[in-house]
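Counting begins at 1 with the first residue of the sequence. Note that ligands are numbered from 1 as they come in the structure, with each ligand's atoms numbered from 1 the same way. FYI, side chains are in, hydrogens and waters are out, and symmetry mates aren't considered; it's all heavy atoms of this structure.
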Amino acid sequence: MRVYEKRLDIEKDVADLHKQNKSIGFVPTMGALHTGHLALVKKALDQNHVVVVSIFVNPTQFNNSEDLIKYPRTLESDLALLSTVSDDLIVFIPQSEEIYGQETNALNYNFNGLENEMEGKFRPGHFDGVGTVLKHFFTIVSPTRAYFGEKDFQQLQIVKKLVEIENMSVQIIGCPIFRETSGLALSSRNKRLSEKQLQESPLIYKTLKQVKNDFGTKSVLDLTDWVSEQFKNNKVLELEYFEIAKVSDLKSIREKQKNIKYRAFIAVFAGEVRLIDNIALN
Ligand code: PAF
């Protein structure tokens, strides 16, 4: 495993790989790795000559400073986990200055309105931070393909838009959501859940599955009311939002139309820990 902290060092390695016509798969992460990340790395290994994994808790995408402070940082076990997948990975673990220089600022993006829906509404500035850090990473790593989980479906759509706006040649690959056997979507934030919260949180996916089941026969309003009901009396989980939205522009809908692809999106607080999930409906 080649572990780099300095931008210039990884850039040199990557330039050599490009000279040898090697394809580069890239898995950007914020660490606290779980089997979902490892599955992205495995897929990247299948499709590319070399794989780069970055581990960087990006400050500009946190709208809540407490969330940034408490974000799990587990570098040693992350590296150990990565080495169980392959000894041949390139791992990039920069400090903030390597990415941002002296001023840790996000750029202002217009992602065609995708940034204003759901997560964008509840986490102002979040997608500017994600777009900015990925623009820097794509410039440094110059990957052939980059891999993202569908748990952050809105992020995935925005990253596709980012490479269009920035005219970058990287191919963006979305990968299915990985789940605990309980149904809870894998997330680095799950490490912060208490025993009780872990016990209750499968309700999130259970609810989404029922919505998918009923989507053909019930109205959007009835489904939305039903979801609110599921969380109303739950003492552990607090619903932040539930929306049924078009896949194409992520705008939430009140009525279904034929031949349009929809997805249901949900955000729930378990104490201070914010969990998101989504499901394809048709
Ligand atoms: O999904 C994440 O972990 C982050 O948003 C990403 C893509 C690594 C950018 O910091």
Side-chain angles (χ1 to χ4, degrees), residues 7 10 25-41 43-44 51-65 67-75 78 81-82 89-100 104-107 109 111 114-115 117-120 122-141 143 145-163 165-166 168 170-178 185-192 265 267 273-278:
R7 174 183 188 134
I10 189 168
F26 178 41
V27 182
T29 81
M30 298 207 297
L33 302 183
H34 49 67
T35 42
H37 292 114
L38 300 189
L40 298 183
V41 174
K43 183 153 184 176
V51 171
V52 175
V53 179
S54 63
I55 299 177
F56 176 63
V57 182
N58 172 34
T60 64
Q61 71 186 75
F62 285 82
N63 58 312
N64 175 337
S65 52
D67 193 23
L68 171 60
I69 292 165
K70 292 199 172 148
Y71 200 84
R73 288 158 173 89
T74 56
L75 183 58
D78 289 348
L81 264 183
L82 288 174
L89 300 171
I90 297 178
V91 184
F92 185 35
I93 48 167
Q95 294 296 313
S96 191
E97 304 81 66
E98 291 295 311
I99 304 295
Y100 287 103
T104 313
N105 292 330
L107 302 165
Y109 278 107
F111 295 114
L114 291 174
E115 74 281 15
E117 306 301 326
M118 299 178 291
E119 290 300 283
F122 287 90
R123 303 184 68 188
H126 171 66
F127 289 118
D128 280 339
V130 172
T132 306
V133 80
L134 289 176
K135 180 192 166 171
H136 290 311
F137 273 129
F138 289 162
T139 306
I140 297 167
V141 176
R145 302 179 187 86
Y147 297 80
F148 295 85
E150 285 186 347
K151 181 177 75 68
D152 299 295
F153 191 84
Q154 187 173 8
Q155 168 173 279
L156 172 63
Q157 302 302 84
I158 281 179
V159 178
K160 287 180 182 162
K161 188 51 84 189
L162 172 78
V163 300
I165 293 171
E166 296 286 1
M168 293 177 135
V170 51
Q171 191 187 340
I172 303 302
I173 316 262
C175 303
I177 301 175
F178 298 92
L186 294 189
S187 162
S188 303
R189 288 189 167 83
N190 294 355
K191 290 195 166 72
R192 293 179 55 202
F265 296 84
V273 185
R274 192 166 178 280
L275 302 169
I276 60 171
D277 203 346
N278 68 85

Item to check | Residue shell around ligand 1, heavy atom under 4.0 angstrom | outcome: Pro28, Thr29, Met30, Asn58, Gln61, Val133, Phe148, Gln155
Next on the checklist: Please enumerate all residues that pass ring pair (Phe, Tyr, Trp, His ring centres under 6.0 Å) together with Phe178, with sequence neighbours excluded.
Outcome noted: none
Can you give me every donor-acceptor pair (side chain of residues 131-138, partner residue at least two apart or in another chain, under 3.5 Å) with its distance?
unit_1	atom_1	unit_2	atom_2	d
Thr132	OG1	Leu107	N	2.8
Thr132	OG1	Asp128	O	2.6

Checklist entry - Would a 4.5 Å heavy-atom cut-off, applied to side chains only, mark Cys175 and Glu150 as touching? => result no
Item to check | Test ring pair (Phe, Tyr, Trp, His ring centres under 6.0 Å) applied to His34 - qualifying residues, sequence neighbours left out | outcome: His37
Checklist entry - Are side-chain N/O atoms of Tyr147 and Gln171 paired as donor and acceptor at under 3.5 Å? => result no
Checklist entry - Going by atom types alone, do Asn58 and Tyr71 pair a side-chain donor with an acceptor below 3.5 Å? => result no
